[in-house]
There are 2 protein chains.
Amino acid sequence: MKVKELATAAGVNPDTVRFYTREGLLNPTRNPENNYQHYDTEDLRRLRFARKARQLGFSLPEVRQILDQADDHHSPCPMVRDVFQQRLEGVEQEIEELQQLRKRMKSALAAWQDMPDGTPDGQTICRLIEHWDDNSPAKQVEE
Amino acid sequence: MKVKELATAAGVNPDTVRFYTREGLLNPTRNPENNYQHYDTEDLRRLRFARKARQLGFSLPEVRQILDQADDHHSPCPMVRDVFQQRLEGVEQEIEELQQLRKRMKSALAAWQDMPDGTPDGQTICRLIEHWDDNSPAKQVEE
DNA sequence: CTTTGACCTGTGAGTAGGTCACAGGTTTTA
DNA sequence: TAAAACCTGTGACCTACTCACAGGTCAAAG
């Protein structure tokens, strides 16, 4: 397979194939006649695997690590279980934080219902934001 | 105030102060004797405002836009309400997507309970991931 | 046989929002 | 007077791609 064929087969951008190749996740051979890359079904498997892993939240270095372990005929699965568990916790924390943010945003919106717009007066830029309580207290300081 | 003083006052990295200055969000004056930047309380207000706005999900260009409007003595608040509403929707969508991901991850974990690790055999890299159903069907192709 | 279009190549830049490193100048403290 | 702590600007780095560019290759159409 050539670049675009592999890309199409895996449903990704051809540039992603080239990028992954540069990054060492794919190991194509080269046609010496025209200098083209040649990918086989193993590469397709690796690419599909990489995409799935990315969707699951693995970083590219993590994906490469898994692939490398597989190349050395070590089972990467225990590591996968491990990193996966961590990623799940990361995702849950992200959700938590976003829900906090959402809550604060909604109460800010509610509080803004009754606030006038007001023109900047040199003391305040936009009351809507300045009076938003982010419960991260800033320190006070004088010039 | 000098860079580090302002940074400390606002609870940010000094490099962030320099970065925001380069980006035109802060307008310090210069001491011609030593070429140092001098920030006043107005800059501190702007910096704090910028940080709050960033926490609310405004992008730096948006923050700059608000600040510029305030400099021109136009009330930026209607724009703020508008962008804020959009950000809220964005946040809610992010939450939605993360919850979807979390759901898929949890069911994957459950399915993995009973799967053996297995050593890579050339056909499969890590069953855990390859057998994960991401409901994004890939096309089939032969070499 | 030539042209056209689709593909290939590598390299480099761009994305967002900072953070860090570097080399050299200044100020403050001991 | 010397070290520590600060200042300056510039440029690289981070993620995970994506896009642009300039030039080479190839298959089909004319």
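Chain identifiers are assigned alphabetically (A, B, ...) following the order of the sequence lines, protein sequences preceding nucleic acid strands; residue numbering begins at 1 within each chain. Worth saying up front: this structure is predicted, and the values here are computed from it rather than measured.
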**Prompt:** So which nucleotide from dA16(D), dG17(C), dC7(D) ends up closest to the side chain of Phe19(B)?
**Reply:** dG17(C)
At 4.0 Å (heavy atoms only), tell me whether [X] reaches a base, stays on the sugar-phosphate, or touches nothing.
X        : result
Arg54(B) : sugar-phosphate
Gln37(A) : sugar-phosphate
Asp15(B) : base
Arg51(B) : sugar-phosphate

**Prompt:** Is it true that Glu5(A) and Lys2(A) make a salt bridge, defined as a side-chain N closer than 4.0 Å to a carboxylate O?
**Reply:**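 No, Glu5(A) and Lys2(A) are not salt-bridged.
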**Prompt:** Atom NE2 of His38(B) to atom C1' of dC6(D): distance rounded to whole Å?
**Reply:** 17 Å
**Asked** Taking CG from Asn31(B) and C1' from dC6(D), how many angstroms apart are they, rounded to a whole number?
**Response** 14 Å
**Message:** Both Thr16(A) and Asn34(A) contact DNA chain D. Taking the nearest nucleotide for each, which residue is further toward the 5' end?
**Reply:**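 The residue mapped nearer the 5' terminus is Thr16(A).
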**Complete:** Assert: residue with more 5' nearest nucleotide on DNA chain D, out of Arg22(B) and Lys2(B), is Lys2(B)
**Request:** Indicate whether OP1 or OP2 belonging to dG10(C) is found under 4.0 Å from a side-chain N or O atom of Arg30(A).
**Result:**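 True: Arg30(A) side-chain N/O within range (under 4.0 Å) of dG10(C) OP1/OP2.
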**Request:** Using only heavy-atom distances, decide whether a donor-acceptor pair under 3.5 angstrom links the side-chain of Tyr36(B) to the base of dG25(C).
**Result:** yes
